[in-house]
Amino acid sequence: MLLKTILLNNYRNYTKANLLCSPTLNIIWGNNAQGKSNLLEAIYLLSTGQAYRTNHDQELVRWGASYYLIKSEIQNNERTLDIELMYQIDQKKSLKIDGYKRSRISDVLGVFNVVLFSPDDLYLVKGGPTRRRRYLDLTICRLNPSYYYYLQQYQKTVEQRNQLLRSLAITTSSLATLEVWDQQLVILGAKILGRRLQILPKLTKLSSYFYRKIASNTEQLFVRYQSTVNLPLENQEIDCSESTIARYFSDHLKHIRKEERKRGVTLIGPHRDDLVLYLDQHEMRNFGSQGQQRSAALSLKLAELEILANEQGDYPVLLLDDVLSELDSSRREFLFTQLLNKVQTFLTTTQYTYLNAEILKKASLIEVKNGVLWPT
Ligand code: ATP
Ligand code: MG
């Protein structure tokens, strides 16, 4: 996967900017608040249709302007494609791929894959389950575009079912309607769970491998899926077919019906599950040091990179926002020997002198000053 060119128009603090990207390493450097992260955010937006620092497109429009436009030329395996995202204030965001307008922004998923690693990713390990579910879901969405549709339908089902549960807490009618929602919940939930469990062994194996390489000690990273649906996941023999999952889900739902009616909320299902990280037998979220948590987050991201590459035959583009200076030189070395020559990388930094001459020789340096790009 390659980002060949990118054009920004009225995006954050960029009025108009154009960049011809290097296929290897692009070092975006400059002082604080010049637009380094904004550029990475725009690249990420091209990949997912969503910015990672906000959910509001209005915030992405340059102050005083009425729209933003991002245009790019990308390469996915052997195919060259143009992706164009445009947002006009008070209108819907629009997506064009190769000049053709797409009806849904989510159509962009899987066209141009990036993996982002930013200081915030510490919360992937340290924070609550939402971020970990999102990490897992976004990875799967890009391999399997129908997964996004199931997720959306599932979320709607949970909301509708919650409404009904709340009303049932007052009246006892419409139990039949609840059963219809139960069925829908189970069918969609089993599809989501099935796909999550399918990817899990690869994720566990790869993230443990990377952790071993990154952290120079002997502790081992384990990633476990914690299901609220009572799936016997400790039993390696469990058949993760949708029908088996649906059976467990449906049985457990009946079991907790009383509790759900009392609380007026859907208590089990993939929307409540978690990906729990352990260092040996200790949960990282509570016991990991900051450095261990950062290494674990990086391991998850590198695992995502490898999974996408294995499944799609092409490495995603890697975005490293301000993270290199936080890693010591041996971890940096490992990262670059892993990545250079096979992964197009964009990294932001306020200074690049900590990078060795070998790496700098292969890099393209782009200075950012007040929303203007200066390739050097
Ligand atoms: P740091 O090294 O501190 O991370 P950075 O170069 O990554 O800095 P960015 O996060 O890219 O900085 O932000 C650059 C500037 O863009 C900030 O000063 C911010 O106020 C400004 N900015 C953010 N949104 C908009 C917008 N919609 N219109 C204009 N400017 C904006
Ligand atoms: Mg920044």
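Residues N38 and R53 have side chains in contact (heavy-atom distance under 4.5 Å, counting atoms from C-beta outward). Q160 places none of its side-chain heavy atoms less than 4.5 Å from the side chain of Q184. The shortest side-chain heavy-atom distance between V108 and L46 does not fall under the 4.5 Å cut-off. In this structure, Q290 and R294 have side chains that are in contact, with non-hydrogen atoms separated by less than 4.5 Å. In this structure the side chain of Y248 reaches within 4.5 angstrom of the side chain of P232, judged on heavy atoms. Residues E304 and P316 form no side-chain contact, since every pair of their non-hydrogen atoms from C-beta on lies 4.5 Å or further apart. Between F210 and L305 there is no side-chain heavy-atom pair separated by less than 4.5 Å. Counting heavy atoms from C-beta on, the side chains of E333 and N356 come closer than 4.5 Å.
A donor-acceptor contact shorter than 3.5 Å links the side chain of Q293 to the backbone of M284. Checking side-chain atoms of N26 against main-chain N and O of F346 turns up no donor-acceptor pair under 3.5 Å. Judged by distance alone, with hydrogens and angles left aside, the side-chain atoms of R132 form a donor-acceptor pair with the main-chain N or O of L124 at under 3.5 Å. Between the side chain of R285 and the main chain of G127, a donor-acceptor pair closer than 3.5 Å is present. Without hydrogens or angle criteria, Q75 side chain to N77 main chain gives a donor-acceptor distance under 3.5 Å. No donor-acceptor pair under 3.5 Å is formed between the side chain of Q163 and the backbone N or O of R161. A side-chain donor-acceptor contact under 3.5 Å links T345 to the backbone of V343. Using a distance-only test at 3.5 Å, with no hydrogens or angles considered, a donor-acceptor pair links the side chain of S208 to the main chain of L221. In terms of modelled atom types and a separation under 3.5 Å, the side chain of N162 and the main chain of T266 share a donor-acceptor contact. Not a single donor-acceptor pair under 3.5 Å links the side chain of R224 to the backbone N or O of V276.
To the nearest 0.5 Å, atoms OG1 (T24) and CD1 (I359) are separated by 11.5 Å. Between the OG1 atom in T15 and the CG atom in N10 there is a gap of 6.5 Å [rounded to 0.5 Å]. Here CD1 of I89 is found 6.5 Å from OG of S66. Values are rounded to the nearest 0.5 Å. A distance of 10.5 Å separates OH in Y52 from CG in L45, rounded to the nearest 0.5 Å. Distance check, rounded to the nearest 0.5 Å: CD1 of I140 to CD1 of I192 gives 9.0 Å. Between the CD atom of E283 and the OH atom of Y278 there is a distance of 5.0 Å, given to the nearest 0.5 Å.
Side chains of D120 and S118: no donor on one and acceptor on the other come within 3.5 Å. For the residue pair Y354 / T349, a side-chain donor-acceptor distance below 3.5 Å is found, with atom types taken as modelled. Defined by atom type and a distance below 3.5 Å, a donor-acceptor pair is present between the side-chain atoms of T228 and D273. The closest side-chain donor-acceptor pair between Q351 and T353 falls under 3.5 angstrom.
Closest approach of A51 and E41 over heavy atoms only: CB-OE2, 3.8 Å. Smallest separation of non-hydrogen atoms from L3 and S72: CD1-CB, 3.9 Å. Contact between L95 and R104 at its shortest, heavy atoms only, is CD2-O, 3.7 Å. Nearest heavy atom pair, residue A297 against residue V125, reads N-CG2, 3.7 Å. In terms of heavy atoms, S295 sits closest to R331 at OG-NE, 3.6 Å. Closest approach of I268 to Y154, counting heavy atoms only: O-OH, 4.0 Å.
Residue F334 places its CZ atom among more than 12 non-hydrogen atoms of other residues, nucleotides or ligands, all under 6.0 Å distant. Heavy atoms from other residues, nucleotides or ligands lying under 6.0 Å from CG of N310 number more than 12. Other residues, nucleotides and ligands contribute only 12 or fewer heavy atoms inside 6.0 Å of the NZ atom of K213. Counting heavy-atom neighbours within 6.0 Å of K369 NZ, excluding the residue itself, gives a total of 12 or less. Within a 6.0 Å radius of OH in Y123, other residues, nucleotides and ligands contribute 12 heavy atoms or fewer. Within a 6.0 Å radius of NZ in K93, other residues, nucleotides and ligands contribute more than 12 heavy atoms. Around the CG atom of D90, the shell of radius 6.0 Å holds no more than 12 heavy atoms that belong to other residues, nucleotides or ligands.
Applying the salt bridge (Lys or Arg N to Asp or Glu O under 4.0 Å) rule to R247 yields no partners; only residues at least two apart in sequence or on another chain are considered. By the side-chain hydrogen bond (donor to acceptor under 3.5 Å, both in side chains) test, R196 is found to be paired with D137, Y147, Y225, residues two or more places apart in sequence or in another chain being considered. Among residues two or more places apart in sequence or in another chain, the salt bridge (Lys or Arg N to Asp or Glu O under 4.0 Å) test is passed with D321 by none.
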task = With side chain to side chain contact (heavy atoms under 4.5 Å, CB included) as the test, would you mind laying out the steps for V323 and L298 before giving the verdict?
result = CA-CA 10 Å; V323 284; L298 181 59; over 6 Å; no
task = Check the pair L319 / V317 against side chain to side chain contact (heavy atoms under 4.5 Å, CB included), numbers first and verdict last.
result = CA-CA 7 Å; L319 308 177; V317 170; 4.2 Å; yes
request  = For L279 and Q220, run side chain to side chain contact (heavy atoms under 4.5 Å, CB included): C-alpha distance rounded to whole Å, both residues' side-chain angles, the deciding distance at 0.1 Å, then the answer.
outcome  = CA-CA 5 Å; L279 201 53; Q220 205 175 341; 6.0 Å; no
message = Is there a side chain to side chain contact (heavy atoms under 4.5 Å, CB included) between L355 and L324? Walk through the geometry before answering.
response = CA-CA 9 Å; L355 293 171; L324 273 206; 3.9 Å; yes
Derivation of the side chain to side chain donor-acceptor pair (under 3.5 Å) call for E306 and Y315 = CA-CA 7 Å; E306 285 298 327; Y315 272 94; 3.0 Å; yes
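Screening Y67, Y14, Y68 against N9 for a side-chain hydrogen bond (donor to acceptor under 3.5 Å, both in side chains) leaves a single residue, Y67.
Ion pairing between a basic and an acidic side chain is recognised when a charged N comes within 4.0 Å of a carboxylate O; D82 and K71 show no such pairing. A salt bridge is defined here as a Lys NZ or Arg NE, NH1 or NH2 lying under 4.0 Å from an Asp or Glu carboxylate O, and K262 with E259 meets this definition. Salt-bridge annotation for E242 and R195: present, with a side-chain N of the basic residue lying under 4.0 Å from a carboxylate O of the acidic one. Between R257 and E260 there is no salt bridge, since none of the side-chain N atoms of the basic residue sits less than 4.0 Å from a carboxylate O of the acidic one.
Figure legend: K191 and Y150 shown as a cation-pi pair, the cationic atom lying under 6.0 angstrom from the six-membered ring centre and within 45 degrees of its axis.
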